[in-house]
Amino acid sequence: MPELPDVEIFRRYLARTALHQTVTRTRVENPKVLEGTSPAGLGRKLKSRRFTGTRRHGKHLFVEIDGEEWLRLHFGMTGFLKYHKDPDVGSPHPRVQFFFTNGYRLEFDNQRLLGTVEVVDDIKPTLTRLKLGPDALAISADDFIQAYQNRRGGIKSGLMNQRVMAGIGNIYADEVLFQAGIHPLTPVRGLPGEKLKDLHRVLGKVLKTAIDRRADPGRFPDSFLIPRRKEGESCPGCGGKVRKIRVQNRGTYLCPACQPKPSKT
DNA sequence: AGTACCACCTGACGGC
DNA sequence: TGCCGTCAGGTGGTAC
């Protein structure tokens, strides 16, 4: 689930629930998701401290701890957050839990254990260490064009490369390329500047729309491809059949009519 | 620089 | 029913 729009929704969720709450204790159900600390170490870092702010960069969520350190949450392929009243039935895979003085708890659910919970001193050096490019929602048209115009390889791989730009994954790469009418295997070099500029505009529009719709495909506009990610579904643009191919070994959905394959030169 | 392939994990689904 | 391969919205390392 978690690409940029999903993580932005998680950020807002945390900001209206666990923010400003004081942690009484933490509980680590599975230490595999911890990075650079132990369950006891995480507890020491958070006990009696408050969450004081939130930030997001790409697919990473940062939660400020008393204005001193930051909790970095990365969700992998299956993560989400849930805020409960303590005795309530929780989420199915609460790998890490944060308990608060108000009797609520925040759960970091992560079924496949591909996510990460880490405490860091500061955000900037962390983005450098993780080699993340600019955030896909914040990047300017000029920076976008600069980042892509001299790249080799296919456009979908480029969009998903977190070092070039952070936040786009398999699903939203397909959506952006569908909305822009570009075939996923199009060489970036084959895209004129005007087309890149258009792609940047579409990127922003897709992300903002998805966030407005709470990153919930059930609420997406009829013009979106995401709710029709199935071989043989009808294309929202032309009514033709949606096709599935593999790009970078990832299932990739497109409309061959609306996204013509680039002609070889 | 970019890609292919494997690994890390759990779980759902379709075919036999 | 049960087993098995495949696939899943992420990412890092290694080899070419």
Side-chain angles (χ1 to χ4, degrees), chain A residues 1-10 28-36 56-61 72-81 91-96 108-118 126-133 135-137 146-179 184-191 203 206-207 209-211 213-220 224-232 242 244-254:
Chain A
M1 187 203 297
E3 298 183 33
L4 188 154
D6 310 277
V7 178
E8 177 61 18
I9 295 302
F10 298 161
V28 176
E29 303 282 353
N30 195 319
K32 274 191 166 57
V33 300
L34 291 187
E35 197 165 298
R56 181 194 54 70
H57 188 100
K59 306 172 188 173
H60 298 257
L61 175 55
R72 176 174 73 90
L73 301 178
H74 186 266
F75 297 89
M77 292 180 83
T78 53
F80 62 92
L81 297 174
S91 62
H93 319 280
R95 308 310 189 185
V96 178
F108 176 80
D109 190 288
N110 204 245
Q111 180 196 122
R112 286 175 67 184
L113 301 174
L114 299 175
T116 306
V117 173
E118 180 190 30
T126 304
L127 301 183
T128 303
R129 169 169 57 87
L130 297 172
K131 300 184 167 65
L132 294 176
D135 181 75
L137 195 54
Q146 171 129 23
Y148 284 97
Q149 65 182 354
N150 289 320
R151 279 189 64 80
R152 291 185 291 154
I155 185 62
K156 182 174 178 183
S157 327
L159 288 177
M160 288 196 300
N161 187 329
Q162 304 299 298
R163 297 184 182 202
V164 180
M165 180 177 76
I168 300 301
N170 195 41
I171 295 289
Y172 283 94
D174 284 1
E175 186 66 53
V176 169
L177 291 172
F178 172 72
Q179 298 295 338
L185 292 173
T186 307
V188 180
R189 284 273 171 88
L191 292 170
L203 169 74
V206 165
L207 293 178
T209 302
I211 292 166
R213 309 299 176 99
R214 298 183 236 174
D216 174 1
R219 299 174 188 276
F220 286 176
F224 267 44
L225 178 68
I226 287 176
R228 304 176 187 228
R229 291 177 66 80
K230 201 174 173 191
E231 182 100 46
V242 170
K244 179 183 186 181
I245 62 174
R246 295 199 82 82
V247 176
Q248 301 261 110
N249 209 32
R250 310 293 303 275
T252 298
Y253 294 85
L254 73 154

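Order of the sequence lines fixes the chain letters, A, B, ..., with proteins taken first and strands second; residue numbering starts at 1 for each chain.
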*asked:* Under 4.0 Å between a side-chain nitrogen and a carboxylate oxygen: does that hold for A:Lys156 and A:Asp174?
replied: yes
*Salt-bridge present (A:Lys244, A:Glu231; N to O < 4.0 Å)*: no
Polar-atom pairs under 3.5 Å, protein N or O versus N or O of nucleotides 13-16 of chain C: list them with distances, or write none.
none

What's the closest nucleotide to the side chain of [X] if the choices are [options]?
X	options	value
A:Gln248	C:dG10, B:dA4, C:dA8	B:dA4
A:Leu114	B:dC8, B:dT3, C:dG9	B:dC8
A:Lys244	C:dT11, B:dC9, C:dC7	C:dC7

So which protein N/O to nucleotides 11-16 of chain B N/O distances come out below 3.5 Å?
unit_1 : atom_1 : unit_2   : atom_2 : d
B:dG11 : O4'    : A:Gln111 : OE1    : 3.2

*Tell me, which stems hold DNA chain C, with a stem being 3 or more Watson-Crick or G-U pairs in a row and both distances under 3.5 Å?*
B:2-8 with C:10-16, B:10-16 with C:2-8
*Could you tell me the separation between the CG atom of A:Leu73 and the CG atom of A:Leu81, rounded to the nearest 0.5 Å?*
6.0 Å
*Mind running a 4.0 Å heavy-atom check of residues 146-162 of chain A against DNA chain B and sending the residues that fall below it, in number order?*
A:Arg151, A:Arg152, A:Gly153, A:Gly154, A:Ser157
*Under a 4.0 Å heavy-atom cut-off, which of residues 165-179 of chain A touch DNA chain C?*
A:Gly169, A:Asn170, A:Ile171
*Residues forming a side chain to side chain donor-acceptor pair (under 3.5 Å) with A:His60, sequence neighbours excluded*: A:Arg72
*asked:* Need one value for A:Lys131: base, sugar-phosphate or nothing, where a base atom within 4.0 Å counts as base even if backbone is also close, heavy atoms only.
replied: nothing
*Quick one: label A:Asn249 by what it contacts on the DNA or RNA (base, sugar-phosphate, nothing), any heavy atom closer than 4.0 Å.*
nothing
*asked:* Check this one for me: any side-chain N or O of A:Arg250 less than 4.0 Å away from OP1 or OP2 of C:dT6?
replied: no
_Under-4.0 Å side-chain N/O to phosphate OP1/OP2 contact, A:Lys32 with B:dC8_ = no
